[in-house]
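One structure below.
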Amino acid sequence: MSPAPSPARLRAMARRLLGSPHEADRALRTTTRVLASYGPGPRARRGPGPVPDPGPPPETVLARVCLGRLRAREARRTTPWDPWSAPAAPVSGLPPALTPAERLVLVLHDLFGVPYDDLAPALERGPAAVRQIAVRARARARAAEEMPAPDPARLRSAVDAVLAAARSGDTAALRSLLDPDAVLRADPGAVRRGVRPAHGAPAVARALAARAATARPALVDGAPGLLAAPSAIYVFTAPAGPITSVDVLADPSHLSHRTIAVPA
């Protein structure tokens with residue numbers, strides 16, 4: 001059994017993931033409470049009887065805590081991320097294009113050497129699937145260094161496919177258009193209309209099937225999107241393949257800053 005990581009190492013992991021010393025300290029306190037709930041670790045003993053369960057590795061608990069915070073941050077964000085006019089990378093040094101799961105794997109495995117087996121429970125996926133997340137994260141990080149020119153035709157094709165699948169209620173087709181770690185965000189105006197944030201391709205597909213079926217194609221700041229009554233827009237991000245995020249904006253303060261056009 002490998003030695004338990006020091007609190008300083010766990011704090012460094014959380015700091016690199018969350019980008020804030022304050023958030024890192026909060027994540028570490030939560031991790032410590034969870035680990036304490038498992039009681040003492042396995043002890044050497046003589047004779048028969050079960051060995052006490054030490055619980056998951058500290059890195060797994062920290063990963064689960066930080067992943068929850070990253071996903072909550074994504075769900076609260078109301079400004080669509082534009083990969084072609086994104087600000088400089090945050091203090092963590094990672095591009096903002098990464099999904100929470102990709103960020104987690106890239107930081108904890110590639111920078112801190114946490115095994116895929118220890119990350120799998122936090123992501124609720126098998127080690128092989130976590131390896132694929134790592135491959136995708138590295139490719140996206142490399143692509144962020146040389147972002148290709150936006151491709152409106154490709155995005156329009158994806159948005160048209162989303163609309164067609166939503167109108168037919170085909171959630172399987174919707175899932176195929178989405179990144180496995182896709183996120184749907186809703187601003188306060190959209191939440192008031194009943195739209196709820198969603199994470200993961202299945203949940204986002206269900207949300208689109210329920211909400212986007214009555215929308216129509218539109219151009220939002222010149223990019224393909226959807227317009228739904230009354231006064232809600234769907235903004236899609238797909239920088240290098242499948243759709244990674246959908247932003248549903250209905251708050252007047254957000255809509256007033258956007259140019260919306262409906263093709264004839």
Side-chain angles (χ1 to χ4, degrees), residues 70-84 96-97 99-102 124-125 136 140 150-264:
L70 289 170
R71 287 173 172 170
R73 182 189 297 174
E74 278 290 284
R76 290 193 302 267
R77 186 154 62 98
T78 57
T79 302
W81 176 71
D82 179 357
W84 291 279
T99 66
E102 290 169 347
E124 297 181 345
R125 302 181 190 181
R136 190 168 67 242
R140 190 165 291 171
D151 187 347
R154 182 175 59 79
L155 183 57
R156 168 51 64 200
S157 177
V159 172
D160 287 346
V162 165
L163 185 57
R167 286 175 173 173
S168 64
D170 190 345
T171 56
L174 284 167
R175 285 198 303 271
S176 71
L177 299 167
L178 299 167
D179 184 275
D181 208 40
V183 62
L184 183 143
R185 294 180 287 261
D187 75 358
V191 170
R192 286 192 294 271
R193 288 173 166 82
V195 180
R196 293 292 178 264
H199 176 266
V204 174
R206 289 192 297 269
L208 290 173
R211 292 280 174 179
T214 59
R216 51 181 171 159
L219 294 175
V220 180
D221 294 334
L226 296 176
L227 175 65
S231 301
I233 58 174
Y234 288 69
V235 181
F236 295 83
T237 301
I243 294 167
T244 58
S245 68
V246 183
D247 290 275
V248 186
L249 307 179
D251 198 281
S253 64
H254 296 147
L255 297 177
S256 64
H257 297 292
R258 303 199 169 272
T259 301
I260 304 167
V262 178

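Source: prediction; values computed, not measured.
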Distance (rounded to the nearest 0.5 Å) between H199 NE2 and T99 OG1:
6.5 Å
Contact summary for R175 and A205, nearest pair of heavy atoms:
CG-CB, 3.6 Å
Output the distance between atom CD1 (I233) and atom CG (D221), rounded to the nearest 0.5 Å.
7.0 Å
Output yes when a side-chain donor or acceptor of T244 lies under 3.5 Å from a complementary backbone atom of T237, and no otherwise.
yes
Any donor and acceptor pair, going by atom type alone, linking the side chain of R167 with main-chain N or O of A215 inside 3.5 Å?
yes
Just by distance, do the side chain of R156 and the backbone of P217 share a donor-acceptor pair under 3.5 Å?
no
Between S168 and A164 (side chain of the first, backbone of the second, donor and acceptor by atom type, cut-off under 3.5 Å), is there such a pair?
yes
For R196, side-chain contact (heavy atoms from CB on, under 4.5 Å) partners two or more places apart
V191
For the atom pair CG (L208) and CG (D170), what is the distance rounded to the nearest 0.5 Å?
12.5 Å
Atom pair CG (L249) and NE2 (H257), whose distance is rounded to the nearest 0.5 Å
11.5 Å
Pairwise distance CD(E102) to CG(L70) - rounded to 0.5 angstrom:
12.0 Å
Can you name the closest pair of heavy atoms from A182 and L178 and give their distance?
CB-CB, 4.1 Å
Less than 4.5 Å apart, side chain to side chain, heavy atoms only: is that true for V235 and R185?
no
Heavy-atom distance under 4.5 Å between the side chains of L174 and V162, does that happen here?
yes
For R71 and D181, what are the C-alpha separation, side-chain angles and deciding distance, and is it a salt bridge (Lys or Arg N to Asp or Glu O under 4.0 Å)?
CA-CA 10 Å; R71 287 173 172 170; D181 208 40; 3.6 Å; yes
Check P224 against V159 and note the closest heavy-atom contact, atom names and distance.
O-CG2, 4.0 Å
Of all the heavy-atom pairs spanning R206 and T171, show the shortest one and how long it is.
CA-CG2, 4.5 Å
Is there side-chain contact between V183 and S245, with at least one heavy-atom pair below 4.5 Å?
yes
I'd like to check F236 versus L226 (side-chain heavy atoms, cut-off strictly below 4.5 Å). Are they in contact?
yes
Is there a donor-acceptor pair closer than 3.5 Å between any side-chain N or O of R154 and the backbone N or O of A238?
yes
Count the heavy atoms of every other residue, nucleotide or ligand shown that sit under 6.0 Å from CZ of R216, and state whether that count exceeds 12.
no
Do you know which two heavy atoms are closest between R193 and A250, and how far apart they sit?
NH1-CB, 3.4 Å
All salt bridge (Lys or Arg N to Asp or Glu O under 4.0 Å) counterparts of D179, not counting sequence neighbours:
R136, R140
Going from OG on S176 to CD1 on I243, what distance comes out if it is rounded to the nearest 0.5 angstrom?
9.5 Å
Nearest heavy-atom contact between A228 and Y234 is CB-CE1, 3.9 Å
